[in-house]
Student: 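This is the structure I have questions about; it appears just below.
Numbers restart at 1 for each chain; the letters A, B, ... are given by sequence-line order, proteins then strands.
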There are 4 protein chains.
Amino acid sequence: MIIELKNNTNAAALAAAHHAFHILYLGKNYLITGSGVKEVPEALQDHAQNHWVFANDIQLASRRFQDQKRTVNFGNVTIGGQTNNTILIGGPCSVESEEQLRGSAELLVSMGLTTLRGGAYKPRTSPYSFQGMGLEGLQLLAKMRQDYGLNVITEARDATHIEEIIEHTDIIQVGAKAMYDQGILRACAKIKKPVLIKRGFGTTLQEFVQAAEFVLSGGNENVVLCERGIRTFETGTRFTLDLCGVAWLQEHTNLPIILDPSHAMGYAYGVNPLARACVAMGIDGLLIEAHPNPKVAKSDASQQLNYDEFRKLHADIQKVAQSVGYQIV
Amino acid sequence: MIIELKNNTNAAALAAAHHAFHILYLGKNYLITGSGVKEVPEALQDHAQNHWVFANDIQLASRRFQDQKRTVNFGNVTIGGQTNNTILIGGPCSVESEEQLRGSAELLVSMGLTTLRGGAYKPRTSPYSFQGMGLEGLQLLAKMRQDYGLNVITEARDATHIEEIIEHTDIIQVGAKAMYDQGILRACAKIKKPVLIKRGFGTTLQEFVQAAEFVLSGGNENVVLCERGIRTFETGTRFTLDLCGVAWLQEHTNLPIILDPSHAMGYAYGVNPLARACVAMGIDGLLIEAHPNPKVAKSDASQQLNYDEFRKLHADIQKVAQSVGYQIV
Amino acid sequence: MIIELKNNTNAAALAAAHHAFHILYLGKNYLITGSGVKEVPEALQDHAQNHWVFANDIQLASRRFQDQKRTVNFGNVTIGGQTNNTILIGGPCSVESEEQLRGSAELLVSMGLTTLRGGAYKPRTSPYSFQGMGLEGLQLLAKMRQDYGLNVITEARDATHIEEIIEHTDIIQVGAKAMYDQGILRACAKIKKPVLIKRGFGTTLQEFVQAAEFVLSGGNENVVLCERGIRTFETGTRFTLDLCGVAWLQEHTNLPIILDPSHAMGYAYGVNPLARACVAMGIDGLLIEAHPNPKVAKSDASQQLNYDEFRKLHADIQKVAQSVGYQIV
Amino acid sequence: MIIELKNNTNAAALAAAHHAFHILYLGKNYLITGSGVKEVPEALQDHAQNHWVFANDIQLASRRFQDQKRTVNFGNVTIGGQTNNTILIGGPCSVESEEQLRGSAELLVSMGLTTLRGGAYKPRTSPYSFQGMGLEGLQLLAKMRQDYGLNVITEARDATHIEEIIEHTDIIQVGAKAMYDQGILRACAKIKKPVLIKRGFGTTLQEFVQAAEFVLSGGNENVVLCERGIRTFETGTRFTLDLCGVAWLQEHTNLPIILDPSHAMGYAYGVNPLARACVAMGIDGLLIEAHPNPKVAKSDASQQLNYDEFRKLHADIQKVAQSVGYQIV
């Protein structure tokens, strides 16, 4: 339950309520209990101005609490709300060298795009694979921000380097394998930078949104959800992009939604048609992997677009976006 | 392996090959063996004009055998090939009464659409649910064909009534629960009417296309694939529409593809955005459930659109289709 | 709802109820409506002696209707009830020749076992694979019955040959790909021979038991459930044997349960440990594939045990059965 | 590839190899490269005494590298190797109070068991649920160790408190939601305490074992795998315990295996039969949740056994263990 307090609520009442319930305090005016609580606690009845009851722990992110889609700023580009903006974020899977990253940055700038992705700490499942350039990769991303005025987004692999990520990037990505990581989520809750949370490939929609609730209830309202494919019995493609789930999220939550068809598909040939499908749903952004020469990429070689394919994708999705009243930014 | 024979191939060679291998004979000129055979059998080497080796039993449906997408006629509307037509097929989940069906027929006609769906033999999972009107339902569909000039499509539940279905409908639908049913598939192979095969919700893409191979190799080339959602761990929606799988089918097979977002989603609110997503991929058709009053429908009440929603969907997908160079027919 | 009628219930009341509800009539004393009906229909209130309300359409198979596990006779061996018998059914995946089948029959007889399995109509997913010996295979099975006094069990692939299957075999197997096939289920409902229904690999537990309800409500009480693995994201094994599901079935249903670890695992090395696991749960039977020379088997080569492995399995599971108070028969 | 070096290998050769390949150094004698390397690098050919090529990155854990199952000591109890010990680990889901934990400790001691489980940092999916007692919970566990001579095992939720966990517990549990967490895995690699890694519910067997490779290749050989159920389409039970996967792990890896049927099933009624099934496979241990009064438990109320049920389980699995040549310890 979310309880909106009257302005004159005193500390004693709050303390009593806190004692009686497991209560989180949000901002100046809101208290939150677990969704199991269906009636305003007696100690707070005189102080409650308004309250919302929920069927599950999707509370702050629920359309039943706030119906309008939230806005989030990626630098000077706003997504969500009534902007009808679909942001196209491009860049390589892994940061591999300054030359590679500079090529990506110039590609984006030439197309009027604003946000560069690139992995520095790669959450590989094998200790014997390339693990990313780490801090050096972060510094290269920061250099691109400085040289080209781009926003940069990169992924936190685990809580040991979350402070570094927060320091060097503009948007913090919580990866699919890290989205239950409370060390990361709680650190992201204390800042104001936008946080993009990817859905785990074995994660239900409810758990996915509840990960966002960790950040929202901790005080950071700049949260974006990212669907990137779930694991199913089908192995002809790498994962299964869950667009039914996207329709569900649009209906039930007030958070902007960015989609990642590259990881879902796993093969470059499918990225363009899937990106068109995503955009036709009226979404807030796309994450697309692009590499100057995908064949030699150190990770995810099969799914990265080359630059010509990326430009073609951009042209194609502009038309689709327009057909549903959106624009690519 | 598919072997194209020279014109003068004699019966003795064929018989010898048939004896040595498990060989199917297709049309005048083609033999097919299991994909495990990688070299032309010795007895046929003098007679083979051309041959194609395959990694698996997707053979006639493979782009490696015939690269161009096949065309299929639904009455006087052609889909597939280079038509860039996306056919919109509408109608109720179950045929419930003449009045209900006549309403649907008039809706379609008023919108310039050509094909009416409706279930007569419902493949319900419980013996205690409404099982469909059976033959009476088929006759009502046939009446609509006569009165309104519409093509009708309905589903064969099992092999016991496949002859009835073939007789009364223009397009035979093999349902998701029946797609391994060789009684149905083999009966469909012997006719020339179009056959729409739905993917089972637990069926891999390869098995799905192999079901089409039963019909193709039996002599009926008018086969259309229909993705309608697979069963995954996610229960917020009824099934998970597999658009990664659709990209895979477009890349690897030469069969037209129709999508069924209604069954995948299970909730009316998601049908419009998903239909837009499907159309943006450049597909050959959509199956959409619509009912004059979904709340009282005898099956699938939650996912059927009412007529206003259906008209809105039609308007919305026309724009999306245009943005990818297709038209709704 | 199941309604037990008083002895003097008249036909008029039945007709009225039938008119008002979708009602099935079972045996002399029971009526069944869909589980949505929660109160005895008014027209029947004077005639109802007893009634059971259900949360879903698992009704006749529910422990809430009949708590004691049902017994089913496989020839002169009884399973279920309080027998604590675990029947071991062996034989090849496909019937390939008389010699092969005779070897299997002699193996079973030498071990004191009573029931021979073997596939005649194989539900292959490709038209280019070996499809089974068909009627000839059925006749070979019948010959083994005659020569060795064994019960034989084989699978119906689709409804076109269900009468043949019913005629030639002692236990009718409804395969995993055919378990929604109402043509088969309704035919099985009209006989008294035992019916073993395999769970589809994409089928929920509830749908699985509802398939049994088709047979039970049609009048054949001799139904056995068979879990044989579901399809999950894991591809290291062929399927995933769902023993949590078995615990659920034991708790909620009154039907005997037979397990098929061979198909679930897909590899011979895992069949013995899995068979031990199954038996330790206190189950009513096992289906194990065995072949004189698995390497040359025409189907499922990797998962069939050779005869020594089969004898070893028999010895191992006898000890496990004893430890949980069961005996292998 | 794993390369065993001759004793006199010089540093220059190592440095050259390290430069040319992505090589990990293990102990005094072994080098490891990614499994993509199939031939001994030229710079090392004079120094290689032995080498093993692998199909994937399961290397140190592979039976092809070391065929015999590894032994791991849980205090003075050894599991794995040829001990034929199946350790029964019991305790509550969450540490809730000293009284609750003392009750559990006394239960275990009275039954001759040695290892107590209990969660202090709970990896809940909602911020509004009970999150565990944290450090206070760890201290209570440590107190039980001191008072009763028990080994204690608890879970690391994320990398921010891994040092605390390592300090206060005897066996470190890496939970299902944390098993990709390299912050945790790399910290565990630097110690010698046993590490129990739970399989993520969306994790393939290969990824699961590769998580163990992070610890093994970092220098800690005391790794145990724990299967606890995967997420599938079936929702009648909480998860699906993957015993096919256990057979796969027994065949392909040399690591001891402990099973957690409580979390897989999610309902107390199924824990006993599943535990019997697990033990019949010849496994190295069981994790079972038990609580003095499950109905009031602060987490996982439905799946915890009460003490009588726990004692009954102990008695039942002893018989099963004996039937497969194992003993419960």
Student: Do you know which of A:Phe233, A:Phe239, A:Trp248 has the most heavy-atom pairs with chain B at a distance under 4.5 angstrom?
Tutor: A:Phe233

Student: Which region of A:Arg231, side chain (C-beta onward) or backbone (N, CA, C, O), has a non-hydrogen atom less than 4.5 Å from a non-hydrogen atom of chain B, or is it both or neither?
Tutor: backbone

Student: Sort by residue number and list every member of residues 255-268 of chain A having a non-hydrogen atom under 4.5 Å from chain B.
Tutor: A:Ala264, A:Met265

Student: Kindly give the heavy-atom pair with the smallest separation between A:Gly270 and B:Ala247, and that separation in Å.
Tutor: CA-CB, 4.0 Å

Student: Counting heavy-atom pairs under 4.5 Å to chain A, which of B:Thr203, B:Val324, B:Val279 comes out on top?
Tutor: B:Thr203

Student: Going by residue number, which parts of residues 301-322 of chain A are within reach of chain B, meaning a heavy-atom gap below 4.5 Å?
Tutor: A:Lys319, A:Val320

Student: Under 4.5 Å, heavy atom to heavy atom: which of residues 204-213 of chain B reach chain A? Give them by number, or say none.
Tutor: B:Thr204, B:Leu205

Student: What part of A:Thr235 is in contact with chain B, defined as an atom under 4.5 angstrom from a non-hydrogen atom: side chain, backbone, both or neither?
Tutor: neither

Student: What part of B:Thr232 gets closer than 4.5 Å to chain A, counting heavy atoms only: side chain, backbone, both or neither?
Tutor: side chain

Student: Considering residues, nucleotides and ligands other than B:Lys38, do more than 12 of their heavy atoms fall under 6.0 Å from its NZ?
Tutor: yes

Student: Taking all atoms of both residues into account, what is the closest heavy-atom pair of B:Arg276 and A:Gly282, and its distance?
Tutor: NH2-N, 4.1 Å

Student: With chain B, which of A:Gly245, A:Gly236, A:Ala280 has the greatest number of heavy-atom pairs at distances under 4.5 Å?
Tutor: A:Ala280

Student: Compare every heavy atom of B:Arg199 with every heavy atom of A:Glu234, then report the nearest pair and how far apart it is.
Tutor: OE1-NH2, 2.9 Å

Student: Working to the nearest 0.5 Å, report the span between CG of B:Asp242 and OG1 of A:Thr237.
Tutor: 5.5 Å

Student: For the interface with chain B, which of A:Val246, A:Asn272, A:Leu274, A:Leu241 has the highest count of heavy-atom pairs at distances below 4.5 Å?
Tutor: A:Leu274

Student: Name all residues meeting the salt bridge (charged side-chain N to carboxylate O under 4.0 Å, His left out) criterion together with B:Asp284; count only those two or more places apart in sequence or in a different chain, and write none if there are none.
Tutor: B:Lys69

